[in-house]
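One-based numbering, in listed order, for ligands and for the atoms of each. Start at 1 with the first residue, then count along the sequence.
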Amino acid sequence: MQASARKVCVVTGSSSGIGAATARLYASQGWNVAINYSRDPAPAEQVAQQCRDLGADVLVVKADVSSDADCRRFAADVQARWGRADVLVNNAGTTRFVPLKNLDGLQAEDFQQIYAVNVVGAYQMTRAFVPLLEQHPVTAVVNVSSIASFMGTGSSIAYMASKGALNAMTIGLARALGPKIRANGIAPGLVDSPWLRNGLGETTYAASVESYKQRAALADIIQPEDIAQAAWWLGVGAAKTTGEILLVDGGLRLTRA
Ligand SMILES: NC(=O)c1ccc[n+]([C@@H]2O[C@H](COP(=O)([O-])OP(=O)(O)OC[C@H]3O[C@@H](n4cnc5c(N)ncnc54)[C@H](OP(=O)(O)O)[C@@H]3O)[C@@H](O)[C@H]2O)c1
């Protein structure tokens, strides 16, 4: 088939938060976008309509990235619709909220479920999309990691370990996929999305936001659109950057002078 003239961005977990903002940004720049979710179609359809309103052709795909069959079907759907994929943003993530000191609160199954999405899911999506990505000269994979992997903070030890594994995998993928495909990661700080609101509850979330603002050099939390900008640069600009993990934390790691 004749490939679409418009470039295509595939964003996992794009019915909400960072993924939704990333899909909207690519749509606003004249790209077609594939929206993905695993459970609830309603928010995915909303994001899809926002992208259509920005002029994009949109494919909405229900796929659990922890399922290799789903990832391969997702790639086949994109191939059938547009015959191309230029940027893959592996953004879908999961966690369990378990206080760090509660070592008995995490079982092997928790690690396995979190790794299945955050690490294996990104791997399976990448593998499924490489045949499409390598058909074009300027293509990229962008993995959404977390500051948790650098700081040892976050929802649980299993989560931060999974994002550390994702960072290492990103470096390995950069070697494996070069010179045709670049692979980079983004490590966001605290992002204003449903993720932490739902996980912590509104009261603890509000306290976490205040504490973050007190400690970060830029005295603010991160918006999903800030991460979308990083996903745009690593996807489309950054021609000589691969195997890098870009921290977007408002200066939390620096702390305020
Ligand atoms: N929010 C933060 O403070 C923060 C900080 C650092 C890093 N991150 C990372 O940023 C990414 C996005 O987070 P967010 O804050 O935007 O979260 P969010 O608003 O809760 O969105 C999560 C998205 O992932 C989808 N999803 C979950 N499991 C999936 C699976 N197995 N397969 C496909 N899609 C799946 C969800 O849709 P369904 O529920 O329908 O599946 C939803 O679209 C995650 O990787 C997270 O670890 C977030």
Side-chain angles (χ1 to χ4, degrees), residues 10-25 33-48 50 60-71 73-74 88-97 112-125 128 142-151 153-156 158-167 169-170 185-200 204-205 208-209 211-212 216 220-228 230-231 245-250 252-253:
V10 175
V11 189
T12 66
S14 40
S15 61
S16 174
I18 293 168
T22 301
R24 285 191 295 264
L25 179 57
V33 289
I35 305 290
N36 158 250
Y37 68 100
S38 70
R39 283 170 291 220
D40 186 0
E45 279 304 334
Q46 261 181 11
V47 177
Q50 291 163 353
V60 180
V61 179
K62 178 177 184 184
D64 179 345
V65 299
S66 70
S67 155
D68 193 39
D70 280 14
C71 295
R73 177 177 46 79
F74 193 167
L88 167 65
V89 182
N90 285 312
N91 166 75
T94 193
T95 193
R96 271 203 63 205
F97 285 77
Q112 285 149 4
Q113 282 165 12
I114 292 169
Y115 272 61
V117 175
N118 296 3
V119 187
V120 183
Y123 182 80
Q124 291 176 161
M125 280 296 294
V142 180
N143 292 330
V144 179
S145 179
S146 172
I147 191 176
S149 64
F150 298 131
M151 298 279 282
T153 56
S155 46
S156 63
Y159 173 76
M160 63 191 73
S162 76
K163 293 297 190 179
L166 180 63
N167 296 348
M169 192 175 84
T170 302
I186 304 169
L190 194 162
V191 179
D192 185 7
S193 78
W195 176 275
L196 283 178
R197 288 175 191 280
N198 294 343
L200 297 174
T204 309
Y205 175 74
S208 301
V209 167
S211 160
Y212 197 98
D220 207 355
I221 62 166
I222 316 302
Q223 294 303 318
E225 289 73 18
D226 298 319
I227 306 305
I245 313 297
L246 179 62
L247 187 61
V248 183
D249 71 338
L252 185 79
R253 202 157 65 154

Of the protein's non-hydrogen atoms, which lies at the shortest distance from atom 3 (O) of ligand 1, and what is that distance? V191 N, 2.9 Å
For ligand 1, which atoms sit closer than 4.0 Å to a heavy atom of L196? 3 (O)
For atom 42 (C) of ligand 1, what is the nearest protein heavy atom, given as residue, atom name and distance? S15 OG, 3.6 Å
Where do N167 and S145 come nearest, in terms of heavy atoms and distance? OD1-OG, 2.7 Å
Identify the protein heavy atom lying closest to atom 19 (O) of ligand 1, giving its residue, its atom name and the separation to 0.1 Å. S16 OG, 2.6 Å
Check whether any side-chain heavy atom of V10 sits under 4.5 Å from a side-chain heavy atom of M125, and report yes or no. yes
Is the shortest heavy-atom distance from the side chain of L196 to the side chain of S208 under 4.5 Å? no
Rounded to the nearest 0.5 angstrom, the CE-CG distance for M151 and L252 is 4.5 Å
Could you go through the salt bridge (charged side-chain N to carboxylate O under 4.0 Å, His left out) check for D64 and R39 one step at a time? CA-CA 8 Å; D64 179 345; R39 283 170 291 220; over 6 Å; no
Is it the case that the side chains of D192 and Y205 hold a donor-acceptor pair, with the cut-off being a distance below 3.5 Å and no angle test? yes
Test your reading of the model: is there a side-chain donor-acceptor pair from D220 to the backbone of G250, 3.5 Å cut-off? no
What do you reckon, does G121 put a non-hydrogen atom under 4.0 Å from ligand 1? no
When N143 is tested against each of I186, L166, T12 for side-chain contact (heavy atoms from CB on, under 4.5 Å), which residue passes? L166
Mind listing the closest non-hydrogen atom pair of L25 and A228 along with its distance? CD2-O, 3.4 Å
Could you check if a side-chain atom of Y37 sits within less than 4.5 angstrom of a side-chain atom of V60, using non-hydrogen atoms only? yes
Looking at side-chain heavy atoms only, is the closest gap between T94 and N118 below 4.5 Å? yes
With a 4.0 Å cut-off on heavy atoms, is N91 touching ligand 1? yes
Under the 3.5 angstrom rule, does the side chain of Q124 hit a backbone N or O of V65 as a donor-acceptor pair? yes
Counting heavy atoms only, which of C71, A42, G93 is nearest atom 28 (N) of ligand 1? G93
What is the closest protein heavy atom to atom 25 (C) of ligand 1, and at what distance does it sit? G13 CA, 3.5 Å
Per-atom filter on ligand 1: closer than 4.0 angstrom to a heavy atom of A63 are 32 (N), 33 (C)
Which of the atoms of ligand 1 are close to D40, meaning less than 4.0 Å from one of its heavy atoms? 40 (O)
Any donor and acceptor pair, going by atom type alone, linking the side chain of S156 with main-chain N or O of R96 inside 3.5 Å? yes
Give the contacting part of D64 toward ligand 1: side chain, backbone, both or neither, where contact means a heavy-atom distance below 4.0 Å. both
Mark up the atoms of ligand 1 that fall under 4.0 Å of a heavy atom belonging to G189, in ascending order. 3 (O), 5 (C), 6 (C)
Give the contacting part of V117 toward ligand 1: side chain, backbone, both or neither, where contact means a heavy-atom distance below 4.0 Å. side chain
When distances are taken from atom 26 (N) of ligand 1, the protein heavy atom at minimum range is A92 CB, 4.1 Å
Test of understanding: given a 4.0 Å heavy-atom threshold, classify the contact between S14 and ligand 1 as side chain, backbone, both, or neither. backbone
Starting from atom 41 (O) of ligand 1, locate the nearest protein heavy atom and write down its residue, its atom name and how far away it is, to 0.1 Å. S38 OG, 2.5 Å
Could you tell me whether S193 approaches ligand 1 through its side chain, its backbone, both or neither, with non-hydrogen atoms closer than 4.0 Å? side chain
Of all the atoms in ligand 1, which lie at a distance below 4.0 Å from a heavy atom belonging to V144? 9 (C), 10 (O), 11 (C), 45 (O)
Taking every non-hydrogen atom, the tightest pair across M169 and A122: CE-CB, 3.8 Å
N/O separation below 3.5 Å, K163 to ligand 1: yes
Which atoms of ligand 1 sit under 4.0 Å from any heavy atom of G17? 16 (O), 19 (O)
Quick test: of every protein heavy atom, which one is nearest to atom 8 (N) of ligand 1, and how far off is it to 0.1 Å? Y159 OH, 3.7 Å
Are any of the protein's heavy atoms under 4.0 angstrom from atom 12 (C) of ligand 1, yes or no? yes
Determine whether T22 and S14 make a side-chain contact, defined as any pair of heavy atoms from C-beta on separated by less than 4.5 Å. no
Contact with ligand 1 for V65, non-hydrogen, under 4.0 angstrom: yes
Looking only at distance, does I18 have an N or O less than 3.5 Å from an N or O of ligand 1? yes
Would you indicate whether Y115, at its atom OH, is surrounded by more than 12 heavy atoms from other residues, nucleotides or ligands within a distance under 6.0 Å? yes
For R39, atoms of ligand 1 separated by under 4.0 Å from a heavy atom: 27 (C), 38 (P), 39 (O), 40 (O), 41 (O)
Can you tell me which portion of S145 lies within the under-4.0 Å heavy-atom range of ligand 1? Options are side chain, backbone, both, or neither. backbone
What atoms in ligand 1 come closer than 4.0 Å to a heavy atom of N36? 33 (C), 34 (N)
